[in-house]
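Some notes on the structure that comes next.
Atoms within a ligand are numbered from 1 in the order they appear, just like the ligands themselves.
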Amino acid sequence: MAHVRRPLVAGNWKMNGSKLALAELAKMAAGLADGALWRTIDLAVCPPAPYLYLASAASIGTRIAVGAQDCHAEASGAFTGDVSAEMIAESGCCYVIVGHSERRTLHAESNDIVRAKAAAALRAGVTPIICVGETRAERDAGKTLDVVGAQVAGSLPAGATGEGIVVAYEPVWAIGTGLTPTAGDVKAVHQFIRGELRKKLGSDGDAVRILYGGSVKPSNAAELMAIADVDGALVGGASLKAEDFLGIAAVYRTIAPSTYH
Ligand code: PEP
């Protein structure tokens with residue numbers, strides 16, 4: 001059976017902005033007045049944890065979903081400062097990013113930790129966006145597929161279904177640098193990830209959305225989003241301004257829905 005993959009454009013605000021940034025969310029919603037495109041793609045923003053509830057409330061009645069940037073693997077307990085997937089669900093979130101390279105690097109998150117967080121998201125009914133990607137040194141050493149393959153194999157939770165998870169390929173060296181891989185390199189890694197997902201999930205691997213992330217902006221989104229097996233974008237810097245974020249999503253106007261729908 002052919003799988004339908006609905007593109008997802010998700011914004012990761014990281015630790016940026018303030019309560020005032022929620023005005024951007026309102027601007028994004030207002031910019032979605034032309035309904036035709038937005039019925040065929042999904043949009044989400046992932047603000048810092050203290051704003052999740054407010055953002056969720058502001059997103060009601062709009063086509064924008066809200067996601068968190070991280071969660072703890074446990075549902076509750078003595079984990080000062082952490083937030084559980086259940087709390088994220090109660091805050092109105094549909095998604096949670098897990099295993100972002102900044103968490104893997106700055107918080108020493110291993111594949112086992114990322115997998116436990118992704119499992120927590122499934123337990124709470126929230127879709128995990130599981131990030132993978134190689135460093136510059138790993139790419140230069142020709143290890144990209146080994147690294148990404150190990151991350152995919154090690155970070156996918158038991159019980160994952162094709163539609164229940166999202167994978168984001170984010171080369172670490174492309175995040176926040178203005179650099180992107182060539183279209184050919186993106187295609188090769190996304191096709192490789194699709195193959196790994198099929199190995200793990202069987203034909204359901206075809207239903208998993210694989211996002212590209214790393215310096216996506218309105219000017220390069222059309223080329224990147226048109227690549228086979230690129231099912232949307234995870235956007236950092238360019239998701240902070242409604243105009244840029246909508247400019248990225250709008251490239252789907254030029255990509256025939258029949259190619260992804
Ligand atoms: C990210 O951090 O997930 C990201 C893709 O950042 P940027 O778009 O700024 O490179």
Side-chain angles (χ1 to χ4, degrees), residues 7-17 21 24-25 28 41-49 51-52 55 64-71 88 93-107 109 114 117-118 121 127-136 138-139 144 147-148 151-152 155 165-183 185-186 189-190 193 209-225 227 229-252:
L8 167 66
V9 178
N12 171 14
W13 286 4
K14 311 195 186 192
M15 199 175 74
N16 288 305
E24 290 304 310
L25 189 55
M28 288 173 193
I41 69 169
D42 291 330
L43 293 156
V45 292
C46 304
Y51 308 128
L52 290 177
I64 303 174
V66 174
Q69 298 174 16
D70 181 44
C71 68
I88 284 165
C93 293
C94 303
Y95 299 96
V96 59
I97 299 169
V98 294
H100 190 280
S101 68
E102 287 150 18
R103 302 288 316 176
R104 288 182 185 265
T105 307
L106 303 172
H107 298 265
E109 292 190 3
V114 175
K117 291 183 173 199
T127 301
I129 300 175
I130 304 163
C131 300
V132 298
E134 81 288 358
T135 62
R136 181 81 249 174
E138 288 162 345
R139 174 160 283 270
T144 298
V147 169
V148 169
Q151 288 175 332
V152 170
S155 306
I165 62 167
V166 175
V167 171
Y169 168 55
E170 299 206 299
V172 179
W173 53 272
I175 294 178
T177 59
L179 303 172
T180 52
T182 64
D185 286 341
V186 172
V189 179
H190 278 243
I193 293 173
R209 288 181 288 187
I210 307 174
L211 312 185
Y212 168 77
S215 295
V216 179
K217 46 191 183 218
S219 58
N220 63 15
E223 186 188 9
L224 290 163
M225 298 304 108
I227 296 169
D229 282 304
V230 173
D231 306 311
L234 182 55
V235 185
S239 71
L240 292 166
K241 289 272 163 262
E243 197 186 339
D244 291 340
F245 189 59
L246 293 178
I248 291 168
V251 303
Y252 278 100

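Not counting sequence neighbours, Asp244 has no partner by the salt bridge (charged side-chain N to carboxylate O under 4.0 Å, His left out) test. Not counting sequence neighbours, the partners of Arg139 by the salt bridge (charged side-chain N to carboxylate O under 4.0 Å, His left out) test are Glu134, Asp185. For Lys14, the salt bridge (charged side-chain N to carboxylate O under 4.0 Å, His left out) criterion is met by Glu102, not counting sequence neighbours.
In this structure, the side chain of Tyr212 engages the main chain of Gly214 through a donor-acceptor pair within 3.5 Å. Counting only distance, with no hydrogens or angles, the side chain of Glu24 and the backbone of Ala21 share no donor-acceptor pair below 3.5 Å. Looking only at distances, a side-chain donor or acceptor of Arg104 sits under 3.5 Å from a matching main-chain atom of Cys131.
Protein residues with any heavy atom under 4.0 Å from ligand 1: Asn12, Lys14, His100, Glu170, Ala174, Ile175, Gly176, Gly213, Gly214, Ser215, Leu234, Val235, Gly236, Gly237.
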